Amino acid sequence: MRTKILLLISALLFLAALAMVFVFVPTEDNQGVVQRIFYFHVPVAWVAFFAFFVTFVASILYLVKRSIIWDMAACASAEIGLLFTTLILITGSIWARPIWGVWWDWDARLTSSLVLWLIYVAYFIVRAYIGEEERRARFAAAVGIVGFVDVPIVALAVEFSRTLHPRPNIFNGGLSESPPMLATLLLSIAAFTVLYLLFMVVGMRIKEDERELISLKEAVKE
Amino acid sequence: MSFWSQVVAITRKDILSELRTREIITSILVFAVLVLVIFNFTFNPDQAMMARIAPGILWVAFVFSGVLALNRAFIPEKEENCLEGLMCCPVEREAIYIGKALGSLFFMLLVEAVILSVFALLFNVSVFQLEIITVTFFATIGFVAVGTLFSALAINTRAREMVLPILFLPIITPVIIAAVKASALALEGKSWADMTPWLVILIAFDMIFTVVSFLVFPYIIEE
């Protein structure tokens with residue numbers, strides 16, 4: 001039931017967001033039509049960071065409370081975060097090609113996104129190499145915490161190098177001078193956030209089913 | 001025993017056993033020299049090129065030998081069930097972390113001192129400057145703070161030493177960036193003021209990750 005409601009809301013929001021991105025919002029002066037990918041790129045990045053933040057909080061809660069539900073939440077959220085970080089890199093490359101003339105550049109924000117991606121790939125590698133559930137949860141929580149704390153420092157360190165990336169100017173001029181652009185961005189962020197919640201609910205259910213399947217297998221073996 | 005005498009006892013144990021076996025230091029030093037030699041073959045650098053790539057070569061050698069050293073930090077503990085023994089002692093878990101970290105710090109600084117000497121000799125770059133030594137010191141604290149935690153973690157996974165570099169390298173990217181940039185500035189003869197932002201990043205990283213690892217470590221070695 002919860003899934004269906006979330007599915008319905010996110011479907012409606014996405015239809016509305018698509019309509020706004022392709023029909024309603026004015027074309028940006030400098031970059032032209034290409035700039036419209038912005039309304040996907042930024043919400044995708046927002047979901048990725050939000051997902052890793054949820055992993056961070058759930059990891060701490062796991063270490064404190066020792067309830068496996070928090071490990072399942074941390075893992076489900078990290079899966080979504082990794083998927084969306086991959087999407088950041090892909091949409092970023094698609095956007096970079098016509099604007100900068102290259103698919104990839106070692107620009108500050110691209111580089112920190114790549115490092116972020118590598119940190120959470122490592123998170124899943126650690127999970128894959130531990131068989132016991134309790135130990136896996138503990139170790140993954142450690143990586144979930146350390147990894148997230150590292151994110152701002154990575155960003156700061158790479159930011160010192162010269163950057164090609166447009167500064168986020170949502171709040172200082174830029175977007176706020178164009179209400180249609182801001183509205184489109186916000187609606188798109190809302191759509192992606194509901195999609196995150198939907199993925200989270202489904203992800204948690206898959207984790208529960210996996211656990212049940214494992215315990216059934218154990219029972220059959222005995 | 002007070003907290004710090006527990007720490008000192010653990011560090012002393014690590015240093016003594018290493019000085020008697022010389023297992024880690026010898027192989028890491030040979031490895032580090034090999035890295036430098038391989039760089040010579042792959043780049044075949046002249047003096048002008050050397051000025052540009054020297055910090056990079058130096059830090060690749062430091063990072064790779066660091067991974068090797070940190071990997072070994074918990075292997076002897078695991079092999080003879082020493083860690084279980086240590087945890088049965090009335091020793092705080094945090095003291096184990098600090099003790100092991102100080103031991104690794106000692107070995108890594110020793111290895112880095114030798115790498116610097118060999119580097120200066122082979123590549124004719126004067127790396128013995130106070131600036132470079134300071135940067136190396138703070139960067140190594142960062143390596144050890146994170147590395148000790150992940151080394152204890154990696155050793156308890158199925159893939160063991162495979163896991164450490166995969167976890168360790170992305171986390172320490174800020175340290176590598178700051179250390180390479182600061183070393184490059186030092187080799188160009190720039191002043192301390194130019195290096196300040198990088199030193200700030202290094203020290204901030206050291207403080208944050210010493211605290212975070214200190215808090216998380218007890219959860220890794222319990223059981």
Side-chain angles (χ1 to χ4, degrees), chain A residues 52 56 59-66 70-71 82 85 106 108 110-163, chain B residues 139 142 145-150 152-182 184-185 194-198 200-223:
Chain A
F52 292 142
F56 172 67
S59 299
I60 294 176
L61 284 172
Y62 175 77
L63 290 183
V64 176
K65 305 239 158 129
R66 296 310 168 97
W70 293 116
D71 176 58
L82 189 61
T85 313
W106 291 99
L110 282 181
T111 311
S112 22
S113 303
L114 182 62
V115 174
L116 185 72
W117 189 81
L118 287 167
I119 290 174
Y120 285 90
V121 167
Y123 176 88
F124 286 103
I125 288 177
V126 168
R127 292 192 77 97
Y129 279 126
I130 307 171
E132 283 168 71
E133 183 179 65
E134 191 269 343
R135 182 189 286 179
R136 179 170 59 225
R138 258 190 303 124
F139 285 16
V143 181
I145 293 168
V146 173
F148 189 77
V149 171
D150 202 35
V151 172
I153 310 178
V154 172
L156 187 71
V158 253
E159 193 72 28
F160 272 117
S161 17
R162 269 234 311 268
T163 176
Chain B
V146 180
T148 305
L149 175 74
F150 285 159
L153 191 158
I155 200 70
N156 285 307
T157 64
R158 249 181 285 138
R160 294 192 139 201
E161 40 274 82
M162 274 291 296
V163 171
L164 181 64
I166 289 169
L167 262 179
F168 177 70
L169 294 176
I171 298 285
I172 58 152
T173 39
V175 178
I176 300 178
I177 295 169
V180 169
K181 295 279 181 187
L185 290 173
D194 295 311
M195 291 166 51
T196 311
W198 302 114
V200 169
I201 289 185
L202 285 178
I203 293 169
F205 186 97
D206 293 354
M207 293 200 299
I208 292 169
F209 280 99
T210 306
V211 172
V212 172
S213 305
F214 182 86
L215 293 175
V216 172
F217 185 80
Y219 295 103
I220 295 298
I221 59 166
E222 74 179 32
E223 71 196 68

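Not measured: the values here are computed from a predicted model. Excluded from the calculations below are hydrogen atoms, water molecules and symmetry mates; all remaining heavy atoms, backbone and side chain alike, are included. Here is how names work: the chains are called A, B, and so on, in the same order as the sequence lines, proteins then strands, and each is numbered from 1.
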Check whether [X] gets within reach of chain A through its side chain, its backbone, both or neither, counting any heavy atom under 4.5 Å.
| X | value |
| --- | --- |
| B:Phe217 | neither |
| B:Ala159 | both |
| B:Ile171 | both |

Could you check whether atom OH of A:Tyr129 has more than 12 heavy atoms from other residues, nucleotides or ligands sitting under 6.0 Å from it?
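Check fails, neighbour count at 12 or below.
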
With a 4.5 Å cut-off on heavy-atom pairs, point out which of B:Pro197, B:Ser213, B:Pro170, B:Ala204 contacts chain A the most.
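Counting heavy-atom pairs under 4.5 Å, the top option is B:Pro170.
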
Heavy-atom pair count under 4.5 Å with chain A, highest-scoring of B:Val216, B:Thr173, B:Val175
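If we count pairs closer than 4.5 Å to chain A, B:Thr173 comes out on top.
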
Pairing residues for A:Leu63 by the side-chain contact (heavy atoms from CB on, under 4.5 Å) criterion, not counting sequence neighbours
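Once residues adjacent in sequence are excluded, the partners of A:Leu63 under the side-chain contact (heavy atoms from CB on, under 4.5 Å) criterion are A:Arg138, A:Ala141, A:Ile145, B:Tyr219.
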
Apply side-chain contact (heavy atoms from CB on, under 4.5 Å) to B:Thr210 and list each qualifying residue two or more places apart in sequence or on a separate chain.
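side-chain contact (heavy atoms from CB on, under 4.5 Å) list for B:Thr210, sorted by chain: B:Ala145.
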
From B:Thr157 atom OG1 to A:Phe139 atom CZ, the distance as rounded to the nearest 0.5 Å
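Those atoms lie 8.0 Å apart.
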
From CD1 (A:Ile125) to CD1 (B:Ile166), nearest 0.5 Å:
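Spacing of CD1 (A:Ile125) from CD1 (B:Ile166) equals 4.0 Å.
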
Contact origin within A:Ala155 toward chain B - heavy atom pairs under 4.5 Å:
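Contact with chain B is absent: no heavy atom of A:Ala155 under 4.5 Å.
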
Which bit of A:Arg127 is near chain B, if near means a heavy-atom gap under 4.5 Å: side chain, backbone, both or neither?
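Neither part.
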
For chain B, which residues from residues 111-118 of chain A have at least one heavy atom closer than 4.5 Å to it?
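The stretch touches chain B at A:Val115, A:Leu118.
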
Quick check against the 3.5 Å criterion: does A:Arg135 have a side-chain atom that pairs as donor or acceptor with the backbone of B:Asn156?
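Checked: pair present.
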
Ignoring hydrogens, what is the shortest heavy-atom contact between A:Ala142 and B:Ile220? Give both atom names and the distance.
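Distance-wise, the nearest heavy atoms are CB-CD1, 3.6 Å.
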
Per the side chain to side chain contact (heavy atoms under 4.5 Å, CB included) rule, which among B:Ile208, B:Leu149, B:Leu153 passes with A:Val146?
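Of B:Ile208, B:Leu149, B:Leu153, side chain to side chain contact (heavy atoms under 4.5 Å, CB included) with A:Val146 is met by B:Leu149 alone.
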
Have a look at B:Pro174 and tell me which of A:Leu156, A:Val158, A:Asp150 forms a side chain to side chain contact (heavy atoms under 4.5 Å, CB included) with it.
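With B:Pro174 as partner, side chain to side chain contact (heavy atoms under 4.5 Å, CB included) holds for just one option, A:Asp150.
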
With B:Arg160, which residues qualify under salt bridge (charged side-chain N to carboxylate O under 4.0 Å, His left out), at least two apart?
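For B:Arg160, no residue satisfies salt bridge (charged side-chain N to carboxylate O under 4.0 Å, His left out) once neighbours in sequence are set aside.
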
